[in-house]
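For the numbers below, each heavy atom of this structure counts, side chains included, while hydrogens, waters and symmetry mates do not. Proteins get letters first, then strands, A, B, ... in listed order; numbering begins at 1 in each.
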Amino acid sequence: VRLRAAWELDARALRTPGAVALGAAAALALLPGHAGIPCPLRTATGVPCPFCGTTTSAEDALRGHLGAAAAASPLGLLGIAVVAALVAFRPARVRVSPLALAVAVLGAWLFELHRFSFL
Amino acid sequence: MPQYPQQAHQPYPPGMVPPGAPGMYGKATGPRAGFWQRVGAAILDGLIVGVPAWIVTAILFGLKIATKRIDGTVHVDAGKLFAEVLIGSVVVLLYRALLDGGPRGQTIGKRVVGIRVVDASTGTVIGYPRGFGRAGAKLLFDLLMYACLIGLLDYLWMLWDAENQTLHDKMVNTYVVPVEAYPIQ
């Protein structure tokens with residue numbers, strides 16, 4: 001198993017799914033109440049996972065509350081921004097660094113652990 | 001100025017495989033998709049199918065499967081959970097079967113990372129019936145994985161398999177390969 005320094009991705013295939021995901025997230029933001037997938041890790045142990053808060057963050061971002069979105073999960077806000085950029089700017093190829101991805105997920109975990117007062 | 005002209009006919013000692021020949025990819029007989037490529041494709045497919053499917057089922061069945069009561073106990077609505085798992089499974093089965101079995105031999109996630117599914121014997125498309133077989137086998141391992149981590153063996157198998165095959169690849173005789181080595185016809 002060898003990890004490359006950068007992944008060269010074909011982003012054309014992500015335009016339609018990206019638009020569908022943004023539409024679905026917008027529908028979720030319009031629904032009354034708050035939808036959230038119960039995180040298995042947090043439900044079982046009380047400890048948040050790196051992706052806790054992403055649903056809240058996506059909803060808040062699509063309602064235009066960017067501060068609240070960043071406070072719930074920077075990863076969620078970043079995800080919405082990346083998907084919106086893929087749909088709006090229509091790049092054909094995208095380079096992703098696995099190291100940067102790992103750092104982002106680890107950073108998000110530290111953030112969530114701090115948010116739930118474990119750090 | 002070659003000092004050993006006789007070596008031009010056999011530039012590599014026996015047992016050593018020249019670059020570009022089958023066999024340079026570990027023990028595999030040809031180029032095979034790598035572990036992280038397939039992990040990345042699986043995560044992307046999970047997001048592409050999972051997010052919309054979850055939102056639709058959330059709208060149909062209500063938003064919360066699990067509710068936390070005041071006394072701290074968690075109540076899971078088994079009926080809702082079953083309905084969501086059932087709908088999710090059917091959607092995932094159709095998505096994988098129709099795309100992996102289709103003329104491109106790749107789901108959207110595989111297309112993004114540049115890999116595709118081919119028949120192990122012919123190196124070409126597997127067709128819809130085997131697409132369904134492959135998707136069904138994969139779904140069974142997925143469900144097993146949710147019940148018990150042994151299901152993970154299906155995916156991890158490619159780490160020590162000579163042809164980088166998962167168990168669901170073996171069950172339907174498929175390889176997952178880089179698109180540049182096996183172009184879409």
Open item on the list: For residues A:L106 and B:V39: do they belong to one hydrophobic cluster (side chain heavy atoms under 4.5 Å, members Ile, Leu, Val, Met, Phe, Trp, Tyr)?
Closed with: no
Open item on the list: Return the NZ to CG distance between B:K110 and A:D10, rounded to the nearest 0.5 Å.
Closed with: 14.5 Å
TODO: Tell me, yes or no, whether the heavy-atom count around A:L119 atom CG, taken from other residues, nucleotides or ligands under 6.0 Å, exceeds 12.
DONE: yes
TODO: Mark yes when over 12 heavy atoms from residues, nucleotides or ligands other than A:W7 sit less than 6.0 Å from its CH2; otherwise mark no.
DONE: yes
TODO: Select, from B:L47, B:I108, B:L44, B:V51, the one with the greatest count of heavy-atom pairs under 4.5 Å involving chain A.
DONE: B:I108
Open item on the list: Would you say CZ of A:R63 has more than 12 non-hydrogen atoms from neighbouring residues, nucleotides or ligands within 6.0 angstrom?
Closed with: yes
- [ ] Indicate yes or no: at least one non-hydrogen side-chain atom of A:L14 is less than 4.5 angstrom from one of B:I48.
- [x] yes
